[in-house]
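One structure below.
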Amino acid sequence: MNVLVTGAKGMVGTALCNNLKTLQDGRNKTRPDIHIEQIYEYDLGSTPKQLDEYCKNCDFVFNLAGVNRPQNNDEFMKGNFGFASTLLETLKKYNNKATIMLSSSIQATLIGRYGQSDYGKSKLAGEELFFDYSKETGVSILHV
């Protein structure tokens, strides 16, 4: 299996990639049914060409990428909704039906103390994009 991890340099992404590497090289024997051939680590320093290659070849996507501490509030929508659009368009370009695990935020519910935050609105817009993509393509979206 070829796995794409977006947000690979963040706290969760780093831990996930490290764990995937232990599965890949056989140090982690708890999941003998999972065979990882390639781990594609995508983050802010990655190029559009790399994303293109990764989306062409991946079998599973952990989408952990997102903006949560921008300098300007308009960066929330660009980083959360905008990147989601780019990721999904690139997967669609290759008719790649890889399952996508979508990392969420309670703020995307738009309730509670930060319910109307720009961050919450951008996370919700991104989630809706993934769910619409699933309806359109039949791709499985795992939402956590």
Please list, chain by chain and in numerical order, all residues satisfying side chain to side chain donor-acceptor pair (under 3.5 Å) with Lys56, sequence neighbours excluded. none
The side chain to side chain donor-acceptor pair (under 3.5 Å) partners of Asp25 (sequence neighbours excluded) come to Arg27
Scan for side chain to side chain donor-acceptor pair (under 3.5 Å) pairs involving residues 129-140, sequence neighbours excluded, and state none if there are none. Lys92-Glu136
Side-chain donor/acceptor of Asn18 to backbone N/O of Thr14, under 3.5 Å: yes
If every non-hydrogen atom of Cys58 is compared with every non-hydrogen atom of Ala98, which pair is closest and at what distance? O-CB, 3.9 Å
Give a yes or no on this: more than 12 heavy atoms of other residues, nucleotides or ligands lie within 6.0 Å of atom CG of Leu44. no
Starting at CG of Leu51, measure out to OG1 of Thr90 and round the result to the nearest 0.5 Å. 4.5 Å
If you round to the nearest 0.5 Å, how far is CG of Asn28 from CG of Leu23? 4.5 Å
State the OG-NZ distance between Ser117 and Lys123, to the nearest 0.5 angstrom. 11.0 Å
Hey, is the main chain of Glu37 close enough, under 3.5 Å, to the side chain of Gln24 for a donor-acceptor pair? yes
Residues in ring-ring contact (aromatic ring centres under 6.0 Å, His included) contact with Phe130, at least two apart in sequence or another chain: none
How long is the straight-line distance from NE2 of His143 back to CD1 of Ile141, given to the nearest 0.5 Å? 10.0 Å
Yes or no on side chain to side chain contact (heavy atoms under 4.5 Å, CB included) for Val12 and Ser103, after CA distance, side-chain angles and deciding distance? CA-CA 10 Å; Val12 175; Ser103 176; over 6 Å; no
Okay, side chain of Asn2, backbone of Asn57: is any donor-acceptor separation there less than 3.5 Å? yes
Measure from the side-chain N and O atoms of Thr6 to the backbone N and O of Ala65, and report whether any donor-acceptor pair falls under 3.5 Å. yes
For Asp43 and Lys9, indicate whether the former's side chain and the latter's backbone hold a donor-acceptor pair under 3.5 Å. yes
Tyr54 and Tyr94: CA distance, side-chain angles, deciding distance, ring-ring contact (aromatic ring centres under 6.0 Å, His included) verdict: CA-CA 11 Å; Tyr54 300 164; Tyr94 293 106; over 10 Å; no
Pairwise side-chain contact, Leu88 with Leu129, heavy-atom cut-off 4.5 Å (strictly under): yes
Which of Asp59, Leu91, Val139 passes side-chain contact (heavy atoms from CB on, under 4.5 Å) with Lys97? It is Val139
What closest approach, in Å, do Thr22 and Asn19 show between heavy atoms, and which atom pair accounts for it? OG1-O, 2.6 Å
Report whether Val61 and Phe131 are members of the same hydrophobic cluster (ILVMFWY, side-chain heavy atoms less than 4.5 Å apart, transitive linking). yes
Euclidean distance, Ser122 OG relative to Phe83 CZ, rounded to 0.5 Å: 14.0 Å
Quick one, Leu16 with Phe62, criterion side chain to side chain contact (heavy atoms under 4.5 Å, CB included). Give me CA distance, side-chain angles, the key distance, then yes/no. CA-CA 9 Å; Leu16 174 62; Phe62 286 97; 3.4 Å; yes
Side chain to side chain contact (heavy atoms under 4.5 Å, CB included) for Leu64 and Met101? Distances and angles first, verdict last. CA-CA 8 Å; Leu64 305 174; Met101 191 288 305; 3.7 Å; yes
For Glu128, enumerate each residue passing the side chain to side chain contact (heavy atoms under 4.5 Å, CB included) test, keeping only those at least two apart in sequence or located in another chain. Leu124
Going by the rule side chain to side chain donor-acceptor pair (under 3.5 Å), which residues pair with Glu75 if we only count those two or more places apart in sequence or in a different chain? Asn72
Roughly how far, to the nearest 0.5 Å, is the CG atom of Asn63 from the CG atom of Leu142? 12.0 Å
